Every structure is written in C-alpha cells, then in structure tokens.
Amino acid sequence: MSNTHYVRSEMLSEQEPPAATTGAIGWVRENLFSSAFNSVVTLLALAFIYWLLAQALPWMVSPTWHASSLTECREIIAELGYGGACWGIIRERWLQFMFGFYPKELYWRVVLDFILLFVALAPVLFTHLPRKMLYFSAIYPFLMPWLLWGGTIWNPVMAALGFVIGYLASRHLAPVLGNLAATILAFVLPVIWWIFLSGPVADGIASVLPLAIQSVESRAFGGYMLSITIGVVAIALSLPIGILLALGRQSNLLIVRSLSVGFIEFIRGVPLITLLFVASTLLNIFMPPGTDFDIILRVIIMVTLFASAYMAEVIRGGLAALPRGQYEAADALGLDFWMAQRLIIMPQALKISIPGIVSTFIGVFKDTTLVSIIGLLDPLGLSRAILADAAWNGLVWEIYGFIAVMFFIFCFSMSRYSMYLERKLQTGHR
Amino acid sequence: MKKTVLVGALAVAGLSAGVAGAATLDDVKARGKLNCGANTGLVGFAAPNANGEWEGFDVAFCRAVAAAVLGDPTAVEFIPTTGKTRFTALASGEVDLLARNTTWTFTRDIDLKFEFVGVNYYDGQGFMVPKELGVSSAKELDGATVCIQTGTTTELNLADFFRANNISYEPVPVETDNEAQQQYLAGACDAYTTDASGLAAVRATFEAPGDHILLPEIISKEPLGPLVRHGDNDWGDIVRWTLNALISAEELGITSANIDELSSGTDNPEINRILGTEGSLGEMLGLDAEWAKRAIKAGGNYGELFEKNVGETTPIGLARGLNAQWTNGGLLYSPPFR
C-alpha cells in the first residue's frame, strides 16, 4: 500500500456546463424530453398542435374579406379548394358590432367616452400616476352618461350636486347636530334633492342657458358599446355598494343588519335572468302609463344590484379573514368606525379579496350577454339579428368566434391586472 | 300583508293597462314615432342591414302604418322582441303594434286579450329532411329526432301531429333558427320542423340545398298577422285597414310606381276612395284623406312588399302560394273600401 496521496493544491477554474444542459437545447432536454414518457407526450402534443394549426390556419386566412354575401364567400372558397372562413360579415358589420345602432356621425362620442374611461381609471389602477388625475376620475361618472346619451349638460351637473350636498352635510352638520344625525342627513338630503329638486332646477337652468348636445335614444345602443356600458357601470357601482352591504351585514344595528342580509340573500337567491325579466316586462306593467323608464337604465340597475350582492359576500370573506386584533388595534387607537374602516380594515380586507372581486367583475361583464334574451341587442343579440340578413344567414363560426375573441380580450386584461395588483400589494404577511 | 300588496299592485296594473289602451293614436301622434315590436331577427321578415336600418316583410308593414299615421315611413322605433317578451311588451304598452310573425290563435286573441287585425302571411308548419334519409312523408318519421324551436306553436303542433298519427319522435329543443340550422346540418336531428317559409329560407342558405327536401305534409295552419291590444278599437281599425289597403292596392293594380298618376283621379271609384280623391274614408279613421296613399307609397302594395322581401327574386325565394290574391287562387281577400 502506497502512501502516495494526490491532493489538489490549487482550485480548478470554473467550467462551462455541458452544452447539452444549457441554452435552447438544454431547456428542451430538461423540460420536454427528460424521460421516455415525457418525450412521447411531447411528440404527441406537437403532432396535435400541428394538426390543429393545419386545420385552423388555412381556414382563418381565407381571402374572403371583401365578400359581400355568403354566396360570394362560397364562390371564393370553392376556387380555393379547401374550407375557409367567410370574413366578409366581419368587415361589413364590425362597426355595428361595436356601436350597435348609434348614429354614425356620433361614433366619436362613444370612442371619446371609452378613451376617457381609461384616463379616469388610470390613477385608480396605477398608484404611481399623479394624484391630481383623481379629480378627473371623480368627474367622469357624470361625464360618461352625458356623452353617451347626450341632452343637456345640466342633468349630470345637478346629479353631481347631490353628492356635493351629501358631502357638505356630513362635513358641516356633524358639529351642530351630532354624528348620527349628520350621517343620516348626508344620505337623506341628496335623495331629496335628486327626487324632488334636481329635475326642475336643471330644466330651469337649461331654459336660460341651454348647453346641450344631440341626444341619443337608449334603443340605439347595441353591440360591445352596450355590454361595456352595462358592465362598467355595474362594476363601478357594485364595489362601493358591496362594501356597504358587507359592513351592514356585520353591523350590530338590528335593522341595518337584517336589511343587508335580506337584500343579499334575496338577490343571490334568484337568477339574474329573472331580475332581467322583471326589469323588462313586470316593471313596465306596474308603472303608471306614460312613464318612460329607460330600459337600459332598468337593466343596469338590476345587474348592479345582482353584482353588489355577490360583491358583498366576497368582501365579507375578506373581512372575516382579518384577525380580530386588527379591529381591536383600531379601537385602541381611538379611531371612529368610518376611520377605522378606511385606514385599517378595508385596505387589508380588500387586498385579500382581490381575486374574488375581479372574478365577480369578470362574471358581471360576461353576464351582460344575458340581456339578449330580453331583446336588447348586445353582441350576442346583434349576431342573431345580423344572421337574419338573407346575405349572411347560415354563418356561425366566424361571428361567434369574433365575439368570443373580443370577450376574451376584455376578460383576460382584467384578470392580468388583478394579478399585477396582487403582486404589487404583496406585503409578505403570509 | 303580502296579499294586499299584490292585490294593490295588480289593481294598479289593471288600471294602467286600461288607461294605456285608451288612445294609442293620440300617444303615437304626440310621440311622433310609432313603437313597433319587431322580431330580433328572422330572415326576410326582420333584420337590420349594414347601416342599422331594419328591413323585411314585417318591418315594411310597420313602416306603412307609420306612413299612414305620421306621414313618415321612417318614424318608427323598432323594438326587438323575443318569443318570450313579445306579448308583455304589447300588453304593457311598450309597443303600439306587434308585427312579429305571430300566429293568430284562439287563446292569444281571447285569453291574452289581443286583437289580431288580419293576416299578412299564411304559413304552415312543415318538415325538412336530408334526401339520404329516404323519407318521403312525415308519417314515415316514426322514432325520428326532430329539431324544434321552443316557446312557439310549432312545438304543440308537432306533439299533436305525432300523437294523431300514433307515431313517436324525440324532440331536440333549440332556441333560435341559427342553432337549429347548425344542429340539423351536424346531424343532431333527422328532421327540422318550423314554418314552411322558414324552412325554405333555411334551405336556401345551405351549401347544397338539393340534398334536402321539404316533406309534402303541412301539419298546421299558421296565419301570421300583426296584432294590437284589446280595448282600443280605433287604433285597431287603423292598423287593420292599413293592411287591407296594401292588399286591395295589389288587387286593384295600385303600385308605388303608378300611385301618383292614379291619385290624380281614375274611373275606378274604389281606387279613388282608397287614394282619398273621393269620399271621406280617412276622416272616418281619424286620419287625413291621403293616409292609404302614403301607406302604399312607403314600400309598395302587398305584392311589391312580398317580392322585395321574401319573393322568388330574393335568396329566400318563396312562392306566393296561399298568399296570392283570391283572384289568383290564394287566400288574400280584403273587404271592400266603401
């Protein structure tokens, strides 16, 4: 036995990893062909994808963009020798899909409204933007209906004034009348203003100073514009109403609690389509003759109520997940109820509920297609009307595919945003 | 407590329905627009074109009424109604007139308290089957799967027909015409049944129409017509006689092309009475003398409307059949303008 030892006296320099484990090849080997089973699965999947694309791509790129009827499409496709889509219908009708029956010369108002929606949303969604933009966000809810429906500017101004009244009441009456009375008056005064005073006042000012743009009837709304209008309003309103309902459900005041629970359970207990039928048919019968209660407004109210009930439960989930200590800490700091909610409870509860909230948003947006059943022409309702055109009757895939892709874009963006928000608000308390 | 609220609500509803039915003509004139309940989309009968204007056979009738009452065939607000919402829309006063290929039946007329003013299209329920099924009569359809639209009279007719012939079938319920086409083409059902006009329209859109046949049996009577609410007979009269004017115009040879010429006076007193150069028919209706002239001018007489929207020159290609004038062996027979 020899006593010779081989001991390395200097470090070996680092070597490149084997070529087979780096770069694209390495990635492929590791992820796709790491074992015999994986290799088989990969090959099968590739074959499937190839088969799918080989079927779908020629169909999708068929040169039928300029066809003006299904018959024309079929002639073009017959020359091709393989199956193809008939895209002429999208070229001819895509504006209708976007704007419904909105007057063509006023399309700019809808587009502007949509752009302004993003301007108004931006500071709410992305906190690094200048805070002053929030003023515009506050104005936007009154600007939006005015641009869409037109008419005199004084109606939205008077509606906004109601909120100002409520704010002033809660601000300045509290020292005089006490907190409870001020809070109640902050709710009651604006309602009185809206119901009894704002109409005549708006008419009065309008007769002196008529600042108005051409008004558009609700019946002219259709397509994505209708979906987005209903969806955005319902989404925007359902969150605050949902928060209030969730708080009401946890309240110690018997009346507030029973009203909240009753409302939530009733709305969640009936299908949305039932509420829509109530909006479209029953309300019409019960209202005095001659009242013209806008059908879209009725639908928006119903969808909002529906979404709020679900939202309330999602937020209640967030509230329930907060440790008891948070509430006690807020009390210990001497914060009153609203301050505690605003500064301590809600920021945490809402953060927890983000996935649920966004799910509800997405659900509401997709539920807007149900209005086609009561005869409103949302994209789905419109597709039926368009397919009744003798030139296009018989098409299915192209039109429904188009609708599906558009909905996917909207819903997918919402879902990505929610993931961004979750990452951003991640504070490590896990 | 609940009961009283319900009774109260019903009382209000009844009251409002009664009031709403009082003077539709005045409402329409005050509004300046006719609210017309239309189909959400039916080939040849109602569909929006690329400019967003409604077109079709039923739509044309609404325009004729608007022209007669308001003097403007475009003064119509088309309110799309589905099979489920159409009757409430009319009953509640949301629409003044429903022209939505609705079958005139006893219960709809009496029980739902509507008034059908006439028939603008005589239809009947038929069957379409693929040629390769090798069936030549509906009575051979024992055990077949049948695609059928829900919520329509066709559903009930089908059940009656199969029961009367003591054969069985399996229904495949579908919601819309388009869905039915797809199901049928995909082979989900052996036969598709709906109104014969609809079948012809559907078959015309197929890639190979020759591979499908319409079976000879027509298993029901489907007189489709415009309808109004019970209780406002003056309004019902206006709508009824507008339809009659269109039908009479075809019989008497008044077309949109020669109407101006004819309205300067003719030897035929009935033409003169319709066009308002003789007598005071318009006044009796509460309209002016030229109401019928405007209605006919809006889109043409019945025959012109038929040819333009569903006739043999269109892709739908319906023959006049039962919808020819009585003088040509059809069922169209307008009472005289006298």
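Naming convention: chains lettered A, B, ... in sequence-line order (proteins, then strands); numbering from 1 in each chain. As the structure is a computational prediction, the values presented were derived from the model and not from experiment.
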Qualifying residue, where the test is side chain to side chain contact (heavy atoms under 4.5 Å, CB included) with B:E115 and the options are B:L227, B:N233, B:D232 | B:N233

Polar side-chain atom of B:K29 near backbone of B:L70 as donor-acceptor pair, under 3.5 Å | no

Turns out that what part of B:E77 lies under 4.5 Å from chain A's heavy atoms comes down to side chain

Do you know which of B:A47, B:G41, B:P48 has the most heavy-atom pairs under 4.5 Å to chain A?
-> B:P48

Region of B:P315 in contact with chain A, defined by heavy-atom distances below 4.5 Å | side chain

Given a strict heavy-atom distance threshold of 4.5 Å, which part of A:Q96 is in contact with chain B: side chain, backbone, both, or neither?
-> side chain

When the 4.5 angstrom heavy-atom criterion is applied to B:F45 and chain A, the contacting part is neither

At a heavy-atom separation under 4.5 Å, does A:R74 approach chain B through its side chain, its backbone, both, or neither?
-> side chain

Residue pair B:T82 / B:T85, side-chain donor-acceptor N/O under 3.5 Å | yes

Which one of B:T205, B:L42, B:N39 has the most heavy-atom pairs closer than 4.5 Å to chain A?
-> B:T205

Side chain / backbone / both / neither for B:A50 at chain A, heavy atoms under 4.5 Å = both

Determine whether more than 12 heavy atoms belonging to other residues, nucleotides or ligands lie under 6.0 Å from atom CZ of A:F266.
-> no

Checking B:A46 against chain A: side chain, backbone, both or neither under 4.5 Å from a heavy atom?
-> backbone

Is the centre of the B:Y192 ring less than 6.0 Å from the centre of the B:H212 ring?
-> no

Considering only heavy atoms, which portion of A:S69 lies under 4.5 Å from any heavy atom of chain B: side chain, backbone, both, or neither?
-> neither

If every non-hydrogen atom of B:F78 is compared with every non-hydrogen atom of B:R63, which pair is closest and at what distance?
-> CE1-NH2, 3.6 Å

Could you tell me whether B:E94 and A:R219 make a salt bridge, using a distance below 4.0 angstrom between a side-chain N and a carboxylate O?
-> yes

Proximity breakdown for A:L377 and chain B, heavy-atom pairs closer than 4.5 Å = side chain

Answer with side chain, backbone, both or neither: which region of A:F99 has an atom nearer than 4.5 Å to a non-hydrogen atom of chain B?
-> neither

By a 4.5 Å heavy-atom criterion (distance strictly below it), what part of A:L387 contacts chain B: side chain, backbone, both, or neither?
-> both

Quick one: what part of B:N309 sits under 4.5 Å from any heavy atom of chain A, side chain, backbone, both or neither?
-> neither

